[in-house]
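Below: the structure, in C-alpha cells.
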There are 4 protein chains.
Amino acid sequence: MTTARPGRVRSEAARLAILDATRDELAERGYDKLSLDRIAAAAGVGKATIYRWYPHKGALVAEGMLSEHLLPRVPVADTGDVRADVHDWLRASLASLRESEVGGLIRATIAATAEDADVAAQYEARVTSLTRTALSDRLEVGRRAGRIRDDAPIAAMVESLIGTVLLHVLTRREADPAALDAIVGLLFDGVAPTR
Amino acid sequence: MTTARPGRVRSEAARLAILDATRDELAERGYDKLSLDRIAAAAGVGKATIYRWYPHKGALVAEGMLSEHLLPRVPVADTGDVRADVHDWLRASLASLRESEVGGLIRATIAATAEDADVAAQYEARVTSLTRTALSDRLEVGRRAGRIRDDAPIAAMVESLIGTVLLHVLTRREADPAALDAIVGLLFDGVAPTR
Amino acid sequence: MTTARPGRVRSEAARLAILDATRDELAERGYDKLSLDRIAAAAGVGKATIYRWYPHKGALVAEGMLSEHLLPRVPVADTGDVRADVHDWLRASLASLRESEVGGLIRATIAATAEDADVAAQYEARVTSLTRTALSDRLEVGRRAGRIRDDAPIAAMVESLIGTVLLHVLTRREADPAALDAIVGLLFDGVAPTR
Amino acid sequence: MTTARPGRVRSEAARLAILDATRDELAERGYDKLSLDRIAAAAGVGKATIYRWYPHKGALVAEGMLSEHLLPRVPVADTGDVRADVHDWLRASLASLRESEVGGLIRATIAATAEDADVAAQYEARVTSLTRTALSDRLEVGRRAGRIRDDAPIAAMVESLIGTVLLHVLTRREADPAALDAIVGLLFDGVAPTR
DNA sequence: CAGTAACCGAGACGGTACGTCGAGTCTTACA
DNA sequence: TGTAAGACTCGACGTACCGTCTCGGTTACTG
C-alpha cells in the first residue's frame, strides 16, 4: 500500500539520466576522479537533485552497480559438462574485461569497493552473490551428476574462480588460454599426487 | 663512478618523512581521500618537495608500496610439509588483514591499483611478484620432494592463492578456519572424483 | 525589466565583507603583498566567491576604489575666496595622508594604478575625475567672480594641484606650510616678472 | 690601499647580467610580477648570487634604478630662454614615456616606490634629486637673467613640473601640445588677473 | 479548483585540495 | 671566498569539486 504523499513525483527521466551519466564518467575516468558537477551537467540535472536521492558519492555508485546500468552479467551455461561450463564461464568473464569500457567500469567498481565499506556490502549482497549462486548451483548440479566429488569444497571453488577473475582485472592481464586450462585443471584435479 | 652533479643533494630525512606521512594518511583515510596538503603538513615538508619527486599522487603511493614503508611481507615457511606451509601462509596472510592498519593499507593499495595502470604495473613487478616467487619456489621444492605431482599447474595455484586473499580483503571477510581448510583441500585435491 | 536569471542570488553580505577585508589588507600591507587567501579568510568567504566576481586582483581593487570603501573624499569649499579655498583643499588633502591608513591606501592605489592599465582607467574615470571636476568648478566660479583671469588655464591648474598631491604621497613628505603657500602663490601669480 | 681579502673576487659580469635581466623583466612585466627565479635564469646566475648582494627584491630594483640601467635622463638645456627650455624639458620628458619600454619602467618604478619606503628614499635621494637640481639650477640662472621674478617660488615650480610628469605617467595620457603650453603658461604667468 | 508539498533546473555559497610558482635560505661541487 | 646549480620551507596563486543553500518554477495530490 503506497502512501501517496502530496507533491511532485520523482522524475524517472532525471533518475536515468543521472545513472547513465555516472556510468559514462566512471568508465572514462574511474571512481576517484568522478565529479558530481560533471555528472549533473552531463545529465542536465541540478546537483541538488542528485544529493536529494544519494547521500554520498558512494551511494550513487552503489546504485549504479546493482542496477543493470553498470555491469554486464556473464551467464553460467549448463551443457552437461561441468568442467567445460566452468571453463567457458571463466573464459567469457576474462574476455569481457578486454572491452575497454567494461574493464574500466570493473576497476572503478573495485576502487569504490576498496574505499567504502557500504559499497562493498551492497556489492557483495547484490552483485557478487548472484555470480556466486550461479556458479554454486551449476557445480551442485555437477556433483549430483557425479562429475564432482560428494565432499568437494564447492564454496571454496567458487571463491577461487571469482578471486582469479579479480586478480586478472587488477593486473590488467590477458586471458592466456593455457593459463585458463591450468586453472581449471587445478581446481578439478588438484596438485597432489594421484591417490 | 657517480656523476656528482652540482646543487644541494636530496634530503633523505624529507624523503622518509613523506613516506611515513603517506603511510599514515593511507591507512587512516584511504587512497582517494589522500591529501597531499595534509601529507606535506604532517611531514613538515613543502608541497613542492613532494611534487619535485613524485609527478602524481599515484607515483607517491607506488613508491610507498614497493619500499618497506607500506606493506608487511608474510614469509613462506619450509617445514617439509608443503600443504601445511601453504595453509600457514594463507592463514597468516588473512590474519594480517585483521590488524586494522594493514587492512586499510591494502585496500588503499588496491584502490590505487585499480585507478592507475602505472601503479598496478609497479605493484605487480615489485610487490606481488615477490609473493608469487616465494610461493612458487616453495611449491617447486614440494614437487621435487614428491608432495606435488610433476605436471601440477604451480603457477595457477599461486594465482588462486593470491586471488583468494584479494577477494577476502575486498569483501572484508573473516578468515574462517573451515573455509581455509576447504581452500587448501581444493587446491591440493581438486574437486573431481577420485581417479 | 530585470532579467531574473535562475539560480541563487548574489550575496550582498559576502560582497561587502570582501570589500571591507580588501580595504584592511590594502591599508596594512599594500597592493603587491595583497593575498586573496587572507582576504577570503578575513571575510569568512570562499576564495571561489571572490574569483567568481573579480577576474583579477586588479579588478577587486578597482571596485574597492570606486566605491566608498577605499578612499575618503576631500571636499572643495566655496567661501568666496578662491585662493583660500584652493589653499585649504590642498592643505586638507595633504593632511589626510598623514593618517597612516589613508596614506597606505593611496600608495596601494597608486601601485595598483601603475601596474594595471584597467585599474588606472577606472580610477581616472570614477575617482580622480570627481576631484578634477570639483576643483574645476570652483575655479570657474572664481573666474566668473573676477578672481581668476578669463584666459587662465584652469585645466592645467587642476593638473598641477593633483600632481602635487601625488608627488607628496609617493615621496612621503610632510605638508610644509611654507611650501604650501609657495605652491598656491606659484599657481596664482606665476614666476614671470610683473608685466 | 685595497684590503685584498682572500677568495674569489666578485664577478662584474654577473653583476651586470643581473641588472640587465632585471631591467628587461621590469619593463616587460612590472614590479609585482618580477620574479627573481626568472632573473637568475635569464642572467645565467644562481639565485644565491643575487641574494648575496641584494637583501630584498626592493634593493635590487633600487640599485637598478639609480644606476644607468633603468631610466634615461632627460637633460635640461640652456638656450638663454628659460621658458622655452622648461617647455622643451617637459615635452621631451613626456615624449620619452611614449616609448613603451620607458613607460613600463617608470610605472614599475612608481609601483616599487609606492610599496617600499626604502626604495622611495633611495629614489628621491639619487634619481629625482638630480632632476630637481637640474631644473632648479636652470630656473635660478633664469632668475639671475631677469626672466624670473626675484621672489618666485622656484622649488614649488620644480615640484609642479615633476608632479605633472608623474600624473601623466600614471594616467597613461598623451602629451597634448596645447596642454603643455597651458601648463608652462600657468607656471610662468599664474592665473590671477593682471596686477 | 485553490493550496500546498515535494520536486525540478540553475547556480552561488563556504570549504578543502589541487598542482604551480615565487621568495628567500641552504648545501653541494667547483673555481 | 664566490659561483652555478639546485633542493629546501613556506605561502600564495587560480581552478575544480564537494556538499549545502537559495532562487524561480513545475507537478500532482488534497482539502
Side-chain angles (χ1 to χ4, degrees), chain A residues 3-11 13-14 33-41 43-57, chain B residues 3-11 13-15 33-41 43-57, chain C residues 4-11 13-15 17 33-41 43-53 55-57, chain D residues 5-11 13-14 32-41 43-57:
Chain A
T3 357
R5 293 173 306 151
R8 186 174 177 174
V9 81
R10 176 172 182 181
S11 158
K33 301 216 180 70
L34 200 64
S35 154
L36 290 204
D37 280 282
R38 258 196 314 266
I39 290 175
V45 142
K47 250 197 306 180
T49 301
I50 300 181
Y51 280 100
R52 200 186 320 279
W53 305 108
Y54 309 103
H56 313 297
K57 192 155 94 168
Chain B
T3 354
R5 292 176 312 142
R8 185 174 177 173
V9 82
R10 178 172 182 181
S11 158
R15 205 191 117 245
K33 301 217 180 68
L34 200 63
S35 154
L36 293 206
D37 278 289
R38 259 195 315 263
I39 290 176
V45 141
K47 244 196 310 180
T49 299
I50 301 181
Y51 282 102
R52 202 188 318 281
W53 304 108
Y54 309 103
H56 314 298
K57 196 153 91 170
Chain C
R5 291 177 312 139
R8 186 173 176 173
V9 82
R10 177 171 183 182
S11 158
R15 206 191 116 244
K33 301 218 179 68
L34 200 62
S35 154
L36 293 205
D37 279 294
R38 259 197 312 267
I39 290 176
V45 142
K47 245 196 310 180
T49 300
I50 301 182
Y51 282 103
R52 201 186 323 278
W53 303 107
H56 314 297
K57 195 154 92 168
Chain D
R5 289 175 306 152
R8 188 170 173 178
V9 82
R10 175 171 184 184
S11 157
D32 80 20
K33 302 216 180 70
L34 200 64
S35 154
L36 291 203
D37 281 285
R38 261 197 310 267
I39 289 175
V45 141
K47 247 199 307 180
T49 302
I50 301 181
Y51 280 101
R52 200 187 315 282
W53 305 108
Y54 309 103
H56 312 296
K57 191 155 96 166

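Treat the numbers as computed from the prediction; the structure is a model and nothing was measured. No hydrogens, no waters, no symmetry mates; every other heavy atom, side chains included, goes into these values. All chains are named by letter (A, B, ...) in the order of the sequence lines, taking the proteins before the strands, and each is independently numbered beginning at 1.
In this structure, NZ of K33(A) is placed 13 Å from P of dC18(F), rounded to the nearest angstrom. Taking atom CG of residue D37(D) and atom C1' of nucleotide dG24(E), one finds them 10 Å apart after rounding to whole Å. As a whole-Å value, the separation of L36(B) CG from dC18(E) P is 4 Å. Across the protein-nucleic acid pair, Y51(D) atom OH and dG2(F) atom C1' stand 18 Å apart, rounded to whole Å. The distance from atom NZ of K57(B) to atom C1' of dC17(F) is 12 Å, rounded to the nearest whole Å. Atom OH of Y54(B) and atom P of dC18(E) are 16 Å apart (whole Å). Distance I50(A) CD1 to dT20(F) C1': 14 Å, rounded to the nearest Å.
The shortest heavy-atom contact between I50(C) and I39(C) is CD1-CG2, 3.9 Å. Summarising the geometry of K47(D) relative to L36(D), their closest heavy-atom pair is CG-O, 4.1 Å, with the distance given to 0.1 Å. The heavy-atom pair separating A14(D) from S11(D) by the smallest distance is N-OG, 2.9 Å. A pairwise comparison of heavy atoms in D32(D) and K57(D) identifies O-NZ, 4.1 Å as the closest pair. Taking all atoms of both residues into account, the shortest heavy-atom contact from A40(A) to G46(A) is CB-C, 4.3 Å.
Across all strands, L34(D) comes closer than 4.0 Å only to sugar-phosphate atoms, never to a base (heavy-atom distances).
R10(B) forms a cation-pi arrangement with W53(B), by the criterion of a distance under 6.0 Å to the ring centre and an angle within 45° of the ring axis.
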- Protein-to-nucleotide contact annotation, 5' to 3' order, nucleotides 7-14 of chain E [B base; S sugar-phosphate only; - none; under 4.0 Å, heavy atom]: BBBBBBBB
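Residue S35(A) has no polar side-chain atom (N or O) positioned under 4.0 Å from OP1 or OP2 of dA16(F).
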